[in-house]
Participant: 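Here it is, the structure in full.
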Amino acid sequence: MDPFEQINDYLDGLLDPEARRSFEAELARNPELAQNFQTLRDARESISARLQNADREAALRATLRQTEKDHFQSGQSAPKIPLMFWRAAAVLLLAIAAIFLFYPFKPKDFYAEYRRFPDAAFTTKSTDPSQINLSAAERAFNQKDYDAALAVFEKLGPEDSLSVEIRFFMALCRLELNRFGEAEATLAQIAGSSSAWGEEAQWYLALLYVKNKNYAAAKAAIAGMRPDNPHKTKAGELLEKIEN
Amino acid sequence: MQSPHPDHRFIEALLQHDNTTINEIYKRFSARVLRFVESNNGSAEDARDVFQEALIIISRQASRPDFILTCPFEAYLYLVCRGYWLNELKRRRRTEVTKNEFGGFQETSEAEALADHTLESAARDLLFQSAFEQLGSICRQLLQLSWTGLTMEEVSRQLGMTYGYARKKKHECTKQLVTWIHSNK
C-alpha cells in the first residue's frame with residue numbers, strides 16, 4: 001500500500017483500531033515513514049490554520065496599515081543598491097544569452113515530446129451504489145489501448161450525461177486516435193468551464209493544436225492558461241520551441 | 001500552568017482587533033524598532049514592514065491553543081522584530097546586525113525563548129505555505145476541501161471527480177507537498 005494512503009487514512013481517522021495500532025507500530029519501526037507522517041501532520045495543521053484565519057489576518061493587516069501611517073517617519077533615505085548587485089545581474093544576463101545562442105536543435109515532434117497523459121482511476125472503493133464500474137475502461141486507457149477505452153466510454157450513454165472526468169478521458173482517446181474535431185470540442189468546453197479539469201483540458205487543447213501543426217491556435221491556447229496551471233512551465237518551454 | 005503576564009492584553013488586542021490598544025502598541029514601541037532597523041542597514045519603510053510582520057507573526061502564534069504570554073510584551077515584540085530583520089538582512093546578503101537598541105529588558109531569557117520559538121514556527125509556516133503554493137490548483141482545492149473535514153465522497157462530488165480518482169489524487173498531492181518540504185528545508 002502507498003505509504004501516503006496509510007498516512008492520510010490515519011490522519012483522517014479512517015483506520016479501525018487494529019489498523020491504527022498496526023500503523024503506529026510501523027511508525028515506531030520505520031524512520032522514513034515517521035518523518036513523512038510528522039511533516040504531513042505539521043504541514044496540514046499549519047496550512048489549515050492559515051486558510052481558516054485568512055480573513056481575520058487580512059482584516060488585521062488592514063488595521064495595522066491604517067495605524068502605521070502616523071509612525072515610522074524618518075529623514076534618512078533608503079539604502080542604495082550596491083554596484084556589485086548590478087554587476088552580478090549583468091553577468092547572469094550574459095550567461096543566459098549565451099545559453100540561448102548555443103541551444104541545441106530540438107526534434108520537431110513536439111506533441112510526442114510533451115504528451116504525458118494522466119492515469120485513469122475510475123475504479124471506486126466508495127459504497128455509493130450509483131457509481132458505475134469502469135474498470136475495463138481504466139485498464140484499457142492505462143495500457144494505451146485508446147480504441148478499446150473509447151468503445152467502453154461510448155456505451156455508457158449520451159455523452160452530455162457523463163461526468164466531466166469521463167468526457168475528459170474520452171477526449172484524450174480521440175486525440176490519440178486523431179479524431180481532432182470531436183476532441184477539440186470536448187476539451188474546449190471543459191477548459192471554458194469552472195470544473196477542476198479545466199486546467200488539464202486547456203493544456204491538452206494546446207497539445208491538440210500542436211499535433212495538428214496549428215501553431216497559432218496552440219500559442220493562443222497556451223496564452224489562455226492560468227498562471228497557476230500545473231502545466232504552465234512546460235507550456236512556456238513548448239511555446240519557446242514553437243516560436244523558434 | 002503559568003498565569004499570563006499582564007501584558008497579555010496586547011496579545012488580546014491583536015486577536016480581537018482592538019484598535020485603541022493596537023494604536024498604543026505603535027505609539028509605545030514602534031520608535032525603538034525604527035531606530036534599530038535604520039541603524040542596521042534598513043530604511044523607515046523596512047522598519048514599518050518589520051513591525052507589521054512581527055505583529056502578524058505574533059498574532060499567528062497567539063492563535064495556537066497552547067499560547068500564553070509569560071513575559072513583557074515589549075521584550076517579546078522587539079526580539080521578534082530583531083530576529084525577523086536579521087533573517088531579512090541574511091536574505092539580502094547584507095552585513096549582520098551590529099547595533100543593538102534592544103538592551104535593558106527585564107526577564108529577557110523568557111522573552112528570548114518565546115521569540116525564538118515564535119520565529120521558528122513562522123519559518124516553518126512559511127515553508128509549508130510555499131510548498132502548498134507550488135502545488136497545482138486541483139491539488140490545492142482538493143487538500144483544502146479535504147482538510148476542512150469533508151468526506152472524500154463529498155470532496156469528489158464538489159470537484160467533479162470519481163471517488164477513486166479523488167483519493168488517488170489526494171495521496172499524490174500530499175506526497176508532492178512533503179517531498180517539496182523535505183527538499184527545501
Side-chain angles (χ1 to χ4, degrees), chain A residues 2-5 7-8 12 35-36 39-40 42-44 46-53 56-57 59-61 63-68 70-79 119-128 131 134 138 163-166 195-197 199-200 226 228-231, chain B residues 14-15 17 19 22-23 25-27 30-31 34 38 41-48 51-52 55-56 59-60 63-64 124-125 128-129 131-132 135-144 146-148 152-153 156 159-165 167-172 174-175 177-178 181-182:
Chain A
D2 176 353
F4 279 88
E5 187 175 344
I7 293 172
N8 281 315
D12 290 340
Q35 189 190 31
N36 287 337
T39 300
L40 181 57
D42 292 346
R44 175 175 157 154
S46 167
I47 294 163
S48 297
R50 180 77 76 98
L51 291 168
Q52 205 175 343
N53 293 324
R56 183 183 69 78
E57 193 170 295
L60 177 60
R61 269 198 201 276
T63 300
L64 297 181
R65 276 196 205 106
Q66 196 54 41
T67 311
E68 73 195 12
D70 297 327
H71 304 276
F72 298 104
Q73 306 298 328
S74 173
Q76 286 190 7
S77 58
D119 284 341
F122 312 125
T123 309
T124 179
K125 295 174 199 164
S126 169
T127 53
D128 185 346
Q131 289 285 335
L134 292 166
E138 178 183 313
S163 71
V164 174
E165 182 182 359
I166 301 297
S195 160
W197 292 98
E199 290 178 38
E200 294 286 321
R226 281 173 36 178
D228 59 354
N229 188 307
H231 303 289
Chain B
L14 293 174
L15 294 176
H17 294 187
N19 285 353
I22 288 174
N23 249 310
I25 290 173
Y26 271 84
K27 199 171 167 187
S30 65
L34 173 61
E38 284 188 324
N41 294 300
S43 65
E45 214 174 79
D46 290 328
R48 184 197 65 204
F51 200 79
Q52 188 189 117
L55 291 176
I56 294 291
S59 81
R60 281 184 198 148
S63 63
R64 289 179 154 92
R124 222 174 28 245
D125 288 343
F128 295 149
Q129 187 63 26
F132 188 70
L135 299 174
S137 75
I138 293 177
C139 274
R140 290 200 307 273
Q141 285 177 64
L142 193 154
L143 292 181
Q144 188 169 342
S146 163
W147 291 344
T148 55
M152 283 313 291
E153 276 95 348
S156 64
L159 294 178
M161 295 176 177
T162 57
Y163 171 83
Y165 186 85
R167 259 184 72 85
K168 185 169 182 241
K169 191 73 183 167
K170 178 176 176 178
H171 306 322
E172 283 172 14
T174 49
K175 186 176 180 178
L177 183 75
V178 168
I181 291 168
H182 287 166

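Each chain gets a letter, A, B and so on, in the order its sequence line appears, and its residues count up from 1.
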Participant: Is B:Leu15 close to chain A through its backbone or its side chain, or both, or neither, when contacts mean heavy atoms under 4.5 Å?
Facilitator: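 Both parts, heavy atoms under 4.5 Å.
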Participant: Could you have a look at B:Lys170, B:Lys169, B:His182 and say which one has the most heavy-atom pairs with chain A under 4.5 angstrom?
Facilitator: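 Most pairs with chain A among the choices: B:His182.
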Participant: Of the listed residues (A:Gln66, A:Gln35, A:Arg226, A:Glu199), which shares the most heavy-atom pairs with chain B below a 4.5 Å separation?
Facilitator: A:Gln35
Participant: Among A:Asn8, A:Val164, A:Thr63, A:Asn53, who wins on heavy-atom pairs under 4.5 Å with chain B?
Facilitator: A:Asn8
Participant: Do any N or O atoms from the side chain of B:Ser30 and from the backbone of B:Lys27 form a donor-acceptor pair under 3.5 angstrom?
Facilitator: no
Participant: Please name the pair of heavy atoms, one in A:Ser46 and one in B:Phe128, separated by the smallest distance, quoted to 0.1 Å.
Facilitator: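 In this case the closest contact between A:Ser46 and B:Phe128 is CB-CD1, 3.5 Å.
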Participant: Name the region of B:Lys168, side chain, backbone, both or neither, that has any atom closer than 4.5 Å to a heavy atom of chain A.
Facilitator: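 The answer is the side chain of B:Lys168.
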Participant: What pair of heavy atoms forms the shortest contact from B:His171 to B:Thr174, and how long is it?
Facilitator: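 Between these two residues, the closest heavy atoms are O-OG1, 3.0 Å.
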Participant: Looking only at heavy atoms, what is the nearest atom pair of B:Arg140 and B:Leu135, with distance?
Facilitator: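 Looking at all heavy atoms of both residues, the closest pair is NH1-O, 2.7 Å.
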Participant: Is A:Ala59 close to chain B through its backbone or its side chain, or both, or neither, when contacts mean heavy atoms under 4.5 Å?
Facilitator: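 Contact with chain B is through both the backbone and side chain of A:Ala59.
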Participant: Looking at B:Gly160, B:Ser137, B:Gly136, which one has more heavy-atom pairs under 4.5 Å with chain A than the rest?
Facilitator: B:Ser137
Participant: Name the member of B:Ile56, B:Leu159, B:Ile25 that forms the most heavy-atom pairs with chain A at distances under 4.5 Å.
Facilitator: B:Ile56
Participant: Under 3.5 Å, is there a donor-acceptor pair between the side chain of A:Glu57 and the main chain of A:Arg50?
Facilitator: no
Participant: Could you pull out the closest heavy-atom pair between A:Glu200 and A:Pro230, with the gap in Å?
Facilitator: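 For A:Glu200 and A:Pro230, the tightest heavy-atom pair comes out as OE2-CG, 4.1 Å.
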Participant: Which bit of A:Leu60 comes within less than 4.5 Å of chain B, counting heavy atoms only: side chain, backbone, both or neither?
Facilitator: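 For A:Leu60, backbone and side chain are both near chain B.
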Participant: Quick check for you: among A:Ile7, A:Asp2, A:Asp42, which has the greatest number of heavy-atom pairs under 4.5 Å with chain B?
Facilitator: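 When all of A:Ile7, A:Asp2, A:Asp42 are compared, A:Asp42 has the most.
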Participant: Counting only heavy atoms closer than 4.5 Å, note whether B:Ile22 contacts chain A via side chain, backbone, both or neither.
Facilitator: both
Participant: In sequence, state the C-alpha distance, the side-chain angles, and the governing distance for A:Asp12 and B:Arg167, and then conclude on salt bridge (charged side-chain N to carboxylate O under 4.0 Å, His left out).
Facilitator: CA-CA 12 Å; A:Asp12 290 340; B:Arg167 259 184 72 85; over 6 Å; no
Participant: Under 4.5 Å from any heavy atom of chain A, what part of B:Leu177 do you find: side chain, backbone, both or neither?
Facilitator: side chain
Participant: Which atoms of A:Glu68 come close to chain B, meaning under 4.5 Å heavy atom to heavy atom: side chain ones, backbone ones, both, or neither?
Facilitator: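 Both parts, backbone and side chain.
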Participant: Closest approach of B:Ile181 and B:Ala131, non-hydrogen atoms and distance?
Facilitator: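 So the minimum-distance heavy-atom pair works out to CG1-CB, 3.5 Å.
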Participant: Heavy-atom pairs under 4.5 Å with chain A: which of B:Gln129, B:Arg124, B:Glu172 has the most?
Facilitator: B:Gln129
Participant: At a heavy-atom distance under 4.5 Å, which candidate from B:Gln52, B:Gln141, B:Gln144, B:Arg64 has the highest pair count against chain A?
Facilitator: B:Gln52
Participant: Indicate the atoms forming the closest heavy-atom contact of A:Asp119 with B:Tyr165, along with that distance.
Facilitator: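 Scanning both residues, the minimum pair turns out to be O-CE1, 3.7 Å.
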Participant: Non-hydrogen atoms of chain A under 4.5 Å away: do they reach the side chain of B:Thr148, the backbone, both or neither?
Facilitator: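 B:Thr148 has no heavy atom closer than 4.5 Å to chain A.
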Participant: Hydrogens and angles aside, do B:Ser43 and B:Asp46 bring a side-chain donor and acceptor to less than 3.5 Å of each other?
Facilitator: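 Present: a donor and an acceptor within the cut-off.
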